[in-house]
Amino acid sequence: MDYKPESVEKKWQRLWEEQNLFRTEEDKTKEKYYLLEMFPYPSGRIHMGHVRNYTIGDVVARYKRMKGFNVLHPMGWDAFGLPAENAAIASGVPPKKWTYENIDYMRSQLKRMGFSYDWEREFATCDPEYYKWEQLFFIKMFEKGLVYRDRCFVNWCDRCKTVLANEQVEGGLCWRCGSQVILKEYDQWFFKITAYAQELLDDIDKLSGGWPERVLSMQRNWIGRSTGTLVKFKLEDVPGEIEVFTTRPDTLYGATFMSLAPEHPLVKTLVKGTDRETEVLDFVEDTLMEDRFTRTSDQYEKKGVFTGRYCINPVTGAKMPIYVANFVLYDYGTGAVMAVPAHDQRDFEFAKKYGLPIIVVIEPRGEHLDPLTMEQAYEDDGILVNSGPFNGLENRDAMAKITSRLEEMGMGSSTVNFRIRDWGISRQRYWGAPIPMVYCERCGVQPVRVEDLPILLPEGVEITGKGVSPLQDMEDFINTTCPKCGGPARRETDTMDTFVESSWYFIRYCSPHTNDRPFDEDKVRYWMPVDQYIGGIEHAILHLLYARFFTKVLRDLGYVEIDEPFGRLLTQGMVIKDGAKMSKSKGNVVDPADMINTYGADATRLFCLFAAPPEKDMDWSDQGIEGSYRFLGRLWRLVDELKDRLKGLEVEPGSKTGKLELEGIKKKTHQTIKKVTEDIDKRFRFNTAIASMMELVNELYKVKDTIPDKREELAVIKEAIENLVIMLSPFVPHIADELWHMLGHKGMLLEHPWPEYDAGWAEKTTITLAVQVNGKLRATLKVAKDILEEDATHMALSEQNVKRFVNNNKVVRVIYVPNRIINIITATR
RNA sequence: GCCCGGGUGGUGGAACUGGUAGACACAAGGGACUUAAAAUCCCUUGGAACUUGUUUCCGUGCGGGUUCGAUUCCCGCCCCGGGCACCA
């Protein structure tokens, strides 16, 4: 009987489903293990990236279950998002219909891969029973001051008439129509992630070890904490002041002018009614017309314009002209920068260009700097000069001293500044969770009543892709009453960023159908946190940071008791083909459906695991999957040929009667169990685990035609083959269950315990000792394990090739590393 | 510029904590089976040299160093990938 993957796989998928094999319940007698892979966007069909991600997860889930853990392994759909609207624009299919049809198809594809999901926990984030709770969280956050509305600059595409997320701006152009993206002021809802910046940063240390360092460093970077000083500069002649953030308070005496971001609100007030008003406002407008991408590139020409106003340096009393400068960012620090041209390269260039004074306040020890001859700013450490009472100090010491001086004067304080900005979650889109707020003429902005949730997304909306959110045309949706005064009010028409849904779905999986509250606390307490999370590196910052933030918010709202959602994180590499990421335009896309049809789900899974370790990019190879398929055929034939001789045979425990001809196989079996267990458990190195099982198969092929017809010898083979099949089952579950039955067993291997190795058999009794003379390999010795040094030395020295290289020279030293190497050092080299 | 990864045969990749570099697989070549092909099974396969061996020399991006011994540790470079970046 030949290996026919399709019939084997469909048979077992049916049986697993009939027996509810993958269903999980809380069981306090067992240790829990929550394994989660990032849920997919239902784009239409699964791609190789999904297959790889979910295969890795499935191996771990099945392995842990066989190890006796109570495993939670859920799956669902990140179902809101723009592609559904694009499909509606292109083909007129309503987003809801399009999304749920895609989900149905993709679910069938995942089932066809044999993944062990508890499908009873499935949900889609576009289900009202899901986003209802998100709307509740929004209201709770609003009440706690963690949500606010603010006018801010957003990416705006004037052709599409819509706001774009940062990730939808590609090289300064709209990803959809290719036109220039501009900055536009817009009212947006924000989540106050900055309130958690310090905790998000601090807790990164807790994740160290469980998360890849790379991801942690990216998050640290993104949060971007820097310590410095807030300094106030009084305006000349008029009341008011400008605040700046600086990391270099030691250079304060060298601050000779002030630079404001074009967006800075003070700009307009400063120039109002002056003769410079037109020039300055024109400059501001010109700068704002340029897109963010150009403005933040370092090739960008530094330009500025004088406002005609001055402020006062708090320590020197000097008049500092106030400029508007195009390179000053409004959303970092205070949007204003004290310019120290002698010690900051940008300020230096700016000062040279506009003829502004340069004052040196730090000099390298024993050197003198002359502002007239300097060719660039001096940004390194040194000794303070021209700094009044602080002259002669090391600049590092001066930082704190000058800050204290400012504090005494009431003109500044030491502070911490973060690069991370609050999370703007408003999207002018239809296919998302409605923001549960209303605008009342009398009461202003009000959250809807909790008992009115969910605020359902209306159906039957015409989606044209033009203009703002289609919800703005839905009178039935917009017109409502104020929850406070009962008067007429209008609903918010923006929907939430889809990253909000993915920030808490992993908690909902613990009790996906609880409908009187967001979560069942007991179940959440049992399952959370996720023990192992698996997904692509592309989410290193956004999703993983948002989810961490949201978990902390839910903790502070009293819903969960944990600080961090994901104990361990594995970021799997991309699947590439011919050295490039798979894409339609390159024509190098491999459709998993074709692979399943040709080679079966098991061979596809096996190749995904074997071709590379999980965290590395994996090169898809058509010959490679052929090889995996061949291996399964080889395994099949091995079992098929021997099954009748092995069936019903009792394996005698510790059959130590006499000498076994097949002792080598028995040793190899236990060594393989040890290797595979450690590779999965300690390192997630599935490629080497599979390689070692291939080695065992190769060993069995060497002996299979000459197996003596003795019970003890057959028992060795039986033990080898059965353990092999058991161990292969997390990787290739269908063929494993089938082979298990062919060997005369009943039941499913997922319910079979993972094998234990016998340490005695797994241990090597004879080892190969490398013999070096003066550090070069000259021979190898097959010797008993733990051979004594003197015996090893004696044997080594009697080797012909060793003698040749020792060549009657005096042996001055012997380095012996038991069971590894013996190195003989001679007098002359 | 700063911060993380990474660089090993024709290819994907192995090598635990410094101890025989190249496991396993792909590709290639040879053989067996077959009328033939496919499939299958077996063998060879880092490079070079010769005295063809339990042989020697070279070889893990480059140059140094530490060590009896370095793919592994240290210093200095080069290249590739990713993140952050006029961040004050």
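Every chain is numbered from 1 and lettered A, B, ... according to where its sequence line falls, protein lines coming before strand lines.
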For [N] and [M], measure between their [atom1] atoms and round to the nearest Å.
| N | M | atom1 | result |
| --- | --- | --- | --- |
| B:C74 | B:U67 | P | 16 Å |
| B:A38 | B:G31 | P | 13 Å |
| B:U17 | B:U72 | P | 14 Å |
| B:A32 | B:A39 | C1' | 14 Å |
| B:U45 | B:C24 | P | 12 Å |
| B:U44 | B:G76 | P | 46 Å |
| B:G83 | B:A70 | C1' | 31 Å |
| B:U8 | B:G13 | C1' | 9 Å |

### Task
Assign B:G7 to syn or anti; the rule is syn for a glycosidic angle within 90° of 0 and anti otherwise.
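Judged by the O4'-C1' to base torsion, B:G7 sits in anti, the angle falling more than 90° away from 0.
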### Task
Mind running a 4.0 Å heavy-atom check of residues 681-691 of chain A against RNA chain B and sending the residues that fall below it, in number order?
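A:R683, A:R685, A:N687, A:T688, A:A691 - these, ordered by number, are the residues of the stretch whose heavy atoms sit under 4.0 Å from the strand.
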So, does [X] use its side chain to make a donor-acceptor pair with the main chain of [Y] at under 3.5 Å?
| X | Y | value |
| --- | --- | --- |
| A:D602 | A:I735 | yes |
| A:Y378 | A:D381 | yes |
| A:N326 | A:K303 | yes |
| A:S798 | A:M795 | yes |
| A:N395 | A:G382 | yes |
| A:T256 | A:P357 | yes |

Listing request: all salt bridge (charged side-chain N to carboxylate O under 4.0 Å, His left out) pairs with a residue in [range], at least two apart in sequence or in separate chains.
| range | answer |
| --- | --- |
| residues 609-624 of chain A | A:K577-A:D622 |
| residues 771-791 of chain A | A:E763-A:K785 |
| residues 335-353 of chain A | A:E301-A:K353, A:K302-A:E349, A:D344-A:R346 |

Using the side-chain heavy atoms of [X], tell me which of these nucleotides is nearest: [options].
| X | options | answer |
| --- | --- | --- |
| A:M694 | B:U20, B:A25, B:A88 | B:A25 |
| A:I815 | B:C68, B:U20, B:C26 | B:C68 |
| A:E695 | B:U20, B:C87, B:A23 | B:A23 |

Which part of the nucleic acid does [X] contact within heavy-atom distance under 4.0 Å: base, sugar-phosphate only, or nothing?
| X | result |
| --- | --- |
| A:S621 | nothing |
| A:G333 | nothing |
| A:P212 | nothing |
| A:T334 | nothing |

### Query
More 5' along RNA chain B: A:M218 or A:I767, using each one's nearest nucleotide?
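Closer to the 5' end of RNA chain B: A:I767.
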#### Entry: Position toward the 5' end of RNA chain B (nearest nucleotide), A:K675 or A:E626
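The residue whose closest nucleotide sits nearer the 5' end is A:K675.
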### Message
Between A:K682 and A:E678, does any NZ, NE, NH1 or NH2 come within less than 4.0 Å of an OD or OE carboxylate oxygen?
### Response
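So A:E678 pairs with A:K682 through a salt bridge.
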#### Entry: Salt bridge flag under 4.0 Å for residues A:D331 and A:R419
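No, A:D331 and A:R419 are not salt-bridged.
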In whole angstrom, give the distance that lies between atom [atom1] of [X] and atom [atom2] of [N].
| X | N | atom1 | atom2 | value |
| --- | --- | --- | --- | --- |
| A:I825 | B:G19 | CD1 | P | 16 Å |
| A:R346 | B:A85 | CZ | P | 14 Å |
| A:E615 | B:G13 | CD | P | 11 Å |
| A:Q772 | B:U67 | CD | C1' | 12 Å |
| A:H539 | B:G83 | NE2 | P | 14 Å |
| A:F257 | B:A88 | CZ | C1' | 12 Å |

### Message
Taking the ring of A:Y323 and the ring of A:F350, is the distance between their centroids below 6.0 Å?
### Response
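Between A:Y323 and A:F350, which both carry aromatic rings, the centre distance is below 6.0 Å.
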#### Entry: Output field: ring centroids A:F257/A:Y354 closer than 6.0 Å
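No: the rings miss the under 6.0 Å criterion.
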### Query
With respect to the phosphate group of B:G83, does any side-chain polar atom (N or O) of A:R220 fall under 4.0 Å of OP1 or OP2?
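No.
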### Query
Taking only N and O in the side chain of A:R813, is any of them less than 4.0 Å away from OP1 or OP2 of B:C68?
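Answer yes for this pair, as a side-chain N or O of A:R813 is under 4.0 Å from OP1 or OP2.
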Sort me out a list of protein N/O and nucleotides 38-42 of chain B N/O pairs below 3.5 Å, or just none if empty.
unit_1: B:U40; atom_1: O3'; unit_2: A:R637; atom_2: NH2; d: 3.2
unit_1: B:C41; atom_1: OP1; unit_2: A:R634; atom_2: NH1; d: 3.1
unit_1: B:C41; atom_1: OP1; unit_2: A:R637; atom_2: NH2; d: 3.3
unit_1: B:C42; atom_1: OP2; unit_2: A:R634; atom_2: NH1; d: 3.3

Among residues at least two apart in sequence or on other chains, which ones pass ring pair (Phe, Tyr, Trp, His ring centres under 6.0 Å) with [X]?
| X | value |
| --- | --- |
| A:F607 | A:W620 |
| A:H264 | none |
| A:F684 | A:F686 |
| A:Y701 | none |

Give me, pair by pair, the N or O atoms of the protein and of nucleotides 3-12 of chain B that are less than 3.5 Å apart, along with how far apart they are.
unit_1: B:G12; atom_1: O2'; unit_2: A:A611; atom_2: O; d: 2.7

### Query
Do A:R820 and B:C16 share a donor-acceptor pair, side chain to base, under 3.5 Å?
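Counting by modelled atom types and ignoring angles, a donor-acceptor contact under 3.5 Å is found here.
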### Task
For nucleotides 52-59 of chain B, just jot down a letter per nucleotide in 5' to 3' order: B, S or -, based on protein non-hydrogen atoms under 4.0 Å.
--BSSSS-
### Query
Would you find more than 12 non-hydrogen atoms of other residues, nucleotides or ligands less than 6.0 Å from A:K667 atom NZ?
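Counting neighbours around NZ of A:K667, more than 12 heavy atoms of other residues, nucleotides or ligands fall under 6.0 Å, so yes.
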### Cationic tip of A:R568 above A:W211 ring, under 6.0 Å, 45° of axis
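Because its charged atom misses either the 6.0 Å distance or the 45° angle limit, A:R568 does not stack over A:W211.
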### Task
For RNA chain B, write out the stems as range with range, using runs of 3 or more consecutive Watson-Crick or G-U pairs with both distances under 3.5 Å.
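So the stems come out as B:1-7 with B:78-84, B:10-12 with B:24-26, B:28-32 with B:40-44, B:46-49 with B:55-58, B:61-65 with B:73-77.
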